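Structure first, then comments.
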Amino acid sequence: MTNSQPSGFDRLSKPVRQWIWQQKWQSLRDVQEKAIPAILAGGDVVISARTAAGKTEAAFLPLLSRLEAKETGADGFALLYVSPLKALINDQHRRLESLCECCEVLLTKWHGDVSSNVKARARKRPSGIVLITPESLEALLVRRGGEVSHLFSNLEAVVIDELHAFIGTERGMQMQSILNRIEVATGRDRIDRIGLSATLGDMRLAAEALRPGCGDAVTLVEGNDPGNGVRLQVRGYLLERPTAPPAVDAPEEPKSDNDIPKEDEFSRSLLPKAMSDDLFRLTRGKRNLLFAGSRVNVEVCADRLRNMCDDERLPQEFFAHHGSLSKAIREDVETRLRDDPRPTTAVATTTLELGIDIGDVDAVAQIGPGNSVASLRQRIGRSGRRAGRPATLRMFVAAPPFERGGHPLDRLRLDLVQAIAMVECLIANWCEPPIKAGLHLSTLIHQTLALILQYGGVLPAQAFKLLCIRGPFRNVDRELFAELLRCMASDSCRLIEQSGNGVLMIGSGGEEITESYDFYPVFATEQEYRIVHETRTLGTYPLSSPLAPGETIIFSGRRWRIVDIDDRARVIAVKPTRAGNPPHFPGRGGAIHDYVVETMRAVLCSTDTYQYLDQQAARQLDEARERFKELQLDHKSVIAHGQGVLLFPWVGTRKLETLTLALIAKQFRASSYHHSIEISDCTVNGVLETLEEVANAPAPDGVVLAGHLAQPALAKFDSFLSRELMCRVTARERIDAESLPEIAGNMLGA
DNA sequence: GACCTGCTGCGGTCTG
């Protein structure tokens, strides 16, 4: 320690200070300095700081000091650390081991890969810190309901890592509900919650997510670590016309593995050659993360770069990384990034965005504008962590080529404009706020079943009070909860039944679900094949994407031929080959925030130049702005197009879809496309009149509007909901009916 | 026109 000893340091317990001495830290980090008094004072705290700023220690140094001062010797766990990832638990265990040893506090990993005797031992003599996933915690409550009060009665605090990953999600609702159930079971009014997060758009909303209903009482701690600056570039490219469709009708099987089909022509329509040449040139020989967007793009891009490596007879340094690849393959890439000095570029989806420890990379590249400013910020934080080196991010954005008679939207270069809008938002220090909680009826079904199992039965009024008044399901009122219970008890579900004295019990249908191994997670997953080469599992492939023996596929950045499909065992056997088609993964579109789309319009209206654009991108922006003026979009929102019209509301995905739906409900043939709505067979005046009507009428009933929409069961237990309940979920979570008059009004005023 | 995450307890067999 230097002479300028931080005041926070002095307030820590003796063993904690000793540990800090051993680490030879020169001083505490800004966020740690601020967190110490906040956590020592007790109460709920949100700690937010950029990646690698020392958030974990910011929470645990004062928490361990608190344990030292308490010294009750009572049994029961003292601290609970909840993480969304097993990999993060393993990292944190490594990181906290010596600190806990110094403090003589037991540290226990608890997740699905940890052996059951370790868990049994911890249950028998509960003490110290437990690092756990929400699913393992759920299993503990459901299977050992009777032990809960004993295990957690001396709990000092709960630390929630990657808080932002839980906000507004099914898993987040589950976690809040579990923490609430622990408080109730132990008879504690509240157990301190400490949320750790990357910088969030709106800290107050994050605080509300940490302690529903009492966000105002949460202490906010924001780290102010300036980092080493950011170097950022947006590079423009032109897409090549696809000259051949993907080889669906390809003539039978290629005769030999040496036949090389024209698959490159298709893959070039996803990834132009000029772009892959630049990607190769800028990443080769260094350590990079390349975020390619979708799993298909990861495969196409990894395949292309690996081939370029082979062509130049260089050792391979490009590797694919996404959620459908096997754990072993992914860990090989992570380990190589972390521990191997050889140049390595991981071509990834969002898998490498969260806090898994992969050390520092030289640069980050991204294909396309991405879906959120928050994720852009997170990605930048993956480089520039070493002293004196700025973070480096290059965005590679391709636009469609101009064609006579092409779609007017092609010339607005909306991907490039979106990329610029994202960067402008980032520079202005804006990022998406957490989304507001929906009804989450699927997760409420789950929590009702879990609660019955935990207590062996529960009265409806108790369940309502616990889950919906004290717990996180506050958008569900008594009437709606009663309807949900009736639905769960109905003949078609039989999830629950009621005993003579009114106690809710698990029904015949519920038994099957709750006894199953996959009851504990609340998110839905697709059924999949396993892709196997000899004895090695390469990864998984969705059942819904049909494949046939003899077909070729790019997977894990390599090319394979399918030799056998075992539908019963759900195994696809492959062998290496020289040809390969891009794989197919189903997916739903991402939602872009209103403010990003508003900023896009501002970028198109403005004449500002942006230093971070390369020549090609700057030229494409000029062309897009010219076209924007030509179409008079600077003062019009509705323009004629062919036999119909194009609408430009400049709102985010959810509002765009709501307006489309409202127009469909008024008998227009409308569909949303690339930030616009296309309506066929109508006139500009006809649409303007309708917009006028919408603007001046009260907002339509969301449930009625949602009735026009297909109601796919998206969440895990949605299939148990009645049509009517599903409509209410859709109205609340997927559309925004209240904003319709305002959107229409703004378009008329434009 | 997108991504990601997670999992018990038991009974069986094998190894040191």
Side-chain angles (χ1 to χ4, degrees), chain A residues 82-89 110-120 123 132-145 161-162 164-175 178 270 291-299 321-325 327 330 347-356 366-372 374-376 378-379 400 409 414-415 418 443 446 450 453 513-526 539-540 542 584-593 597 652-654 656-657 660 671-676 714-716:
Chain A
V82 187
S83 154
L85 300 175
K86 290 186 287 191
L88 207 53
I89 287 177
W110 190 312
H111 58 63
D113 300 343
V114 174
S115 78
S116 55
N117 53 38
V118 171
K119 297 172 192 168
R123 264 190 17 245
I132 196 165
T133 60
E135 288 75 15
S136 283
L137 200 48
E138 181 73 86
L140 184 60
L141 263 64
V142 162
R143 300 258 165 184
R144 314 279 167 186
D161 206 353
E162 306 278 5
H164 56 277
F166 287 114
I167 296 175
T169 64
E170 302 289 354
R171 256 183 128 190
M173 292 299 281
Q174 178 189 28
M175 198 201 48
I178 288 174
L270 296 174
F291 291 102
S294 66
R295 284 171 286 185
V296 188
N297 282 347
V298 165
E299 290 294 354
H321 192 287
H322 59 73
S324 293
L325 293 174
K327 198 178 163 194
R330 286 158 61 172
V347 189
T349 57
T350 55
T351 38
L352 291 179
E353 219 172 79
L354 274 185
I356 306 172
Q366 171 176 313
I367 298 176
N371 289 307
S372 75
S375 114
L376 187 61
Q378 194 86 348
R379 291 172 182 187
L409 283 175
L414 291 177
D415 272 359
Q418 189 181 324
T443 306
H446 182 270
L453 290 165
I513 289 168
T514 56
E515 276 164 15
S516 155
Y517 165 67
D518 55 24
F519 173 63
Y520 311 103
V522 292
F523 51 89
T525 45
E526 237 208 321
T540 58
H584 179 75
F585 297 99
R588 298 180 356 91
I592 296 164
H593 193 276
V597 186
T653 313
R654 192 159 145 183
L656 188 72
E657 255 147 41
T660 310
S671 58
S672 60
Y673 173 72
H674 251 74
H675 304 296
S676 77
L714 295 175
K716 191 175 177 186

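Quantities reported herein were computed from a predicted structural model and do not represent experimental measurements. Within every chain, numbering begins at 1; the chains are lettered A, B, ... in the order of the sequence lines, protein sequences first and strands thereafter.
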A/Phe519 ring over B/dC7 six-membered base ring, under 5.5 Å and 30°:
no
When you check the phosphate oxygens OP1 and OP2 of B/dT5, does a side-chain N or O of A/Arg330 lie under 4.0 Å from one of them?
yes
NA contact type, A/Leu137, heavy-atom cut-off 4.0 Å: base, sugar-phosphate, or nothing?
nothing
Answer yes or no: does a side-chain N or O of A/Ser83 lie under 4.0 Å from OP1 or OP2 of B/dG6?
no
A/Arg295 side-chain N/O to B/dC4 phosphate OP1/OP2 under 4.0 Å
yes
For DNA chain B, what string of dots and brackets results from 5' to 3' when Watson-Crick and G-U pairs need both distances under 3.5 Å, crossing pairs get [ ], and pairs with another strand get |?
................
Pair A/Gln418-A/His675, side-chain donor/acceptor within less than 3.5 Å:
yes
Which of these nucleotides, B/dT5, B/dG9, B/dC3, is closest to any side-chain atom of A/Thr349?
B/dC3
With respect to A/Glu135, which candidate in A/Lys86, A/His111, A/Arg171 satisfies the side chain to side chain donor-acceptor pair (under 3.5 Å) definition?
A/Arg171
If only side-chain N and O atoms of A/Lys86 are considered, is one of them under 4.0 Å from the OP1 or OP2 phosphate oxygen of B/dC7?
yes
Students often get this wrong, so: under 4.0 angstrom with heavy atoms, is A/Gly370 touching a base, only sugar-phosphate, or nothing?
nothing
Distance criterion of 3.5 Å, no angle test: do you see the side chain of A/Arg171 paired donor-to-acceptor with the base of B/dT5?
yes
For the side chain of A/Tyr520, counting heavy atoms from C-beta on, which of B/dG9, B/dT8, B/dT5 is nearest?
B/dT8
Of the nucleotides B/dC4, B/dG6, B/dG1, which has the atom closest to the A/Leu85 side chain?
B/dG6
For the side chain of A/Thr133, starting at C-beta, report the closest nucleotide among B/dG1, B/dC4, B/dG6.
B/dG6
Classify A/Ser516 by what it touches in the nucleic acid, base, sugar-phosphate, or nothing, heavy-atom distance under 4.0 Å.
nothing
Please determine, for the side chain of A/Thr653, which listed nucleotide (B/dG1, B/dC7, B/dC3) has the closest atom?
B/dG1
Please determine, for the side chain of A/Lys119, which listed nucleotide (B/dT8, B/dC4, B/dG6) has the closest atom?
B/dT8
For A/Arg379, which contact category applies under a 4.0 Å heavy-atom criterion: base, sugar-phosphate, or nothing?
nothing
Under 4.0 Å: is that the gap between some side-chain N or O of A/Ser294 and OP1 or OP2 of B/dA2?
no
Please classify the nucleic acid contact of A/His111 as base, sugar-phosphate, or nothing, using heavy-atom distances under 4.0 Å.
sugar-phosphate
